[in-house]
Amino acid sequence: MFSFQSIHQYHSFLDKNENGCSIAVDHYLHEIEKKQHLNAFLEVFAEEAMERAKALDQKRKSGKPIGRLHGVVVGIKDVICYKDHTVSAGSKILENFKSIYHASVVEKLLQEDAIIIGRQNCDEFAMGSSNENSAFGAVRNALDEARVPGGSSGGSAVSVQAGLTMISLGSDTGGSVRQPADFCGVVGLKPSYGRISRYGLIAYASSFDQIGIFSNTVQDAALCLEVISGSDDFDSTVSEKPVPAYAAELTTAPRKYRIAYFKQALEHPGLDPEMRATISELIAQLRQEGHIVDPIEFDLLNHIVPTYYVLTTAEASSNLSRFDAVRFGYRAPLVNPALNDMYKASRSAGFGKEVQRRIMLGTFVLSAGYFDAYFTKAQQVRRILLNKSVDVFEKYEAIISPTVPSTAFKIGEKSDDQVAMFLADIYTVFANLVGIPAISIPLFKHSNGLPFGLQIMTNHFEETTMLQLSDQLMN
Ligand code: GLN
């Protein structure tokens with residue numbers, strides 16, 4: 001029977017099995033079918049994945065050089081464009097929309113011989129923390145099906161968790177890769193802003209959005225990161241910095257690190273006490289092993305979630321104005337075809353409740369009379385946060401924290417309390433506000449049986465250090 005541990009192990013399997021890619025795809029198609037009730041996939045590209053597997057098997061047989069992700073079975077979140085395939089952003093408004101081009105990450109995956117097996121369920125327009133905002137139903141956490149997998153990239157996290165893909169791509173605007181990775185017990189990586197091209201990623205908040213990676217191991221995340229990173233003529237916000245060989249850099253010997261943690265983050269009353277105790281134990285253990293681990297004052301902790309929601313809703317209200325039923329998506333049938341009525345009816349029927357709320361909130365914070373009080377103020381806070389991170393990284397190589405203040409909650413448990421849902425983003429939004437890389441690694445298990453992760457953040461474009469430290473802690 002086929003079993004997957006890591007891309008490296010899979011590639012040794014392929015060396016010995018000339019039909020290895022076909023065996024793998026066949027295995028995953030069966031698993032996806034068997035676990036359909038988890039609702040992780042919105043669409044499975046069964047036939048074409050099988051055809052591609054056969055072609056890749058043929059390529060190996062013919063002795064041609066193979067790609068770095070040869071035969072790797074990948075799922076993509078339903079906000080990433082794959083030419084001639086539907087991309088709906090988990091929304092009714094784009095339910096029947098087909099992409100006419102590849103996202104740059106898709107192009108890069110395909111160039112390195114990956115197999116894209118399907119598109120994965122997510123919160124509508126990546127807005128949410130539980131996947132309950134998808135227009136196509138909630139996703140279930142495979143470890144406890146009554147619980148949420150986290151969001152917004154819930155389908156992508158569950159796919160790796162439940163063995164439905166080898167790796168998945170998600171997007172992370174305020175935690176949407178790290179938070180579901182934490183809830184599902186897998187690795188979730190968000191790179192620096194500007195590391196990966198956003199071309200072909202449906203925008204939520206453009207100055208925050210980054211594509212991220214779900215995997216079982218840090219090595220697999222590193223390998224995928226080196227494939228999909230790098231400059232792109234189609235996205236001027238991507239850095240020209242050369243892309244390190246992230247995977248190869250993981251073979252360095254273990255060493256001692258200079259690590260900081262925010263004192264207020266660990267003392268926060270919203271943090272589950274058992275999680276606080278576990279992370280405190282880890283800190284003590286790291287010190288014992290010779291690492292420097294220091295507490296840092298962080299008075300602004302309670303301001304970061306409001307800052308994040310002011311700025312992201314503002315950007316979202318602008319980004320989502322393109323869904324006007326003229327150029328894209330659903331158009332409501334109308335008795336009175338006046339332009340304004342057409343916009344109103346189509347957007348009211350096409351967008352779900354949470355998306356509408358955020359568009360209204362964003363429009364409000366940008367409106368004349370409120371702009372300075374909310375938007376400008378939040379931009380100022382964002383700058384102070386950036387200065388804070390510059391300060392910290394002058395002395396330290398990494399900041400550690402919990403990824404989320406609690407373990408996965410029950411489906412429906414928080415749907416009526418939007419503020420509680422927002423507040424749970426307290427540890428993840430900092431990295432997006434300042435643009436630094438962050439990862440959640442599945443180090444811990446709670447006495448309630450659920451996994452939880454440790455978040456590690458490093459300075460801009462210091463992904464190598466982040467991956468090395470993560471790998472060291474996972475081993
Ligand atoms: N939970 C956050 C939000 O709802 C994060 C979303 C994301 O990273 N896409 O905005």
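Worth knowing before you read on, the calculation uses all heavy atoms, side chains too, and leaves out hydrogens, waters and symmetry mates. Predicted, not measured: the structure shown is a model, and the values here were computed from it. Note that ligands are numbered from 1 as they come in the structure, with each ligand's atoms numbered from 1 the same way.
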(message) Out of all atoms in ligand 1, which are within 4.0 Å of some heavy atom of G174? Include the element for each.
(response) 5 (C), 7 (C), 8 (O)
(message) List ligand 1 atoms under 4.0 Å from A126, heavy atoms only on the residue side.
(response) 6 (C), 7 (C), 9 (N)
(message) If the contact criterion is a heavy-atom separation under 4.0 Å, does R358 count as touching ligand 1?
(response) yes
(request) Would you mind listing which atoms of ligand 1 come within a distance below 4.0 Å of any non-hydrogen atom of Y308? (result) 2 (C), 3 (C), 5 (C), 6 (C), 10 (O)
(request) Would you check if there is a donor-acceptor pair between the side chains of E397 and T465 at a distance under 3.5 Å? (result) no
(message) For a quick check under 3.5 Å, do Q455 and D182 share a side-chain donor-acceptor pair by atom type?
(response) no
(message) Can you tell me if F422 contacts ligand 1 (heavy atom of the residue under 4.0 Å from the ligand)?
(response) no
(request) For S207 and E315, test the side chains for any donor-to-acceptor distance below 3.5 angstrom and give the result as yes or no. (result) yes
(request) Report the residue from L164, V74, I32 that forms a side chain to side chain contact (heavy atoms under 4.5 Å, CB included) with I117. (result) I32
(request) Go through ligand 1 atom by atom and flag the ones less than 4.0 Å from a non-hydrogen atom of G128. (result) 1 (N), 2 (C), 3 (C), 4 (O), 6 (C)
(message) Under a 3.5 Å cutoff, is there a donor and acceptor pairing between the side chains of E145 and H37?
(response) yes
(request) Mark up the atoms of ligand 1 that fall under 4.0 Å of a heavy atom belonging to D172, in ascending order. (result) 8 (O)
(request) Of the side chain and backbone of D425, name the one, both, or neither that has a heavy atom under 4.0 Å from an atom of ligand 1. (result) side chain
(request) Before accepting this row, confirm whether a basic side-chain N of the pair K108/E112 lies closer than 4.0 Å to the acidic partner's carboxylate O. (result) no
(request) Would you mind running through ligand 1 and noting each atom that sits below 4.0 Å from a heavy atom of Y309? (result) 1 (N), 2 (C), 3 (C), 4 (O), 10 (O)
(message) Under a 4.0 angstrom heavy-atom cut-off, which atoms of ligand 1 come close to S152?
(response) 9 (N)
(message) Check for me whether F208 has a heavy atom closer than 4.0 Å to any atom of ligand 1.
(response) no
(message) Between S192 and E463, do the side chains contain a donor N or O and an acceptor N or O under 3.5 Å apart?
(response) yes
(message) Using a 4.0 Å cutoff against the non-hydrogen atoms of S129, which atoms of ligand 1 qualify?
(response) 1 (N)
(request) Classify the angle between the aromatic ring planes of Y199 and Y101 as parallel (below 30°), tilted (30 to 60°) or perpendicular (above 60°). (result) parallel
(message) What protein heavy atom lies closest to atom 7 (C) of ligand 1? Include the residue and the distance to one decimal.
(response) S176 OG, 2.3 Å
(message) Using ring centroids (six-membered ring only for Trp), state whether Y308 and F422 fall under 6.0 Å.
(response) no
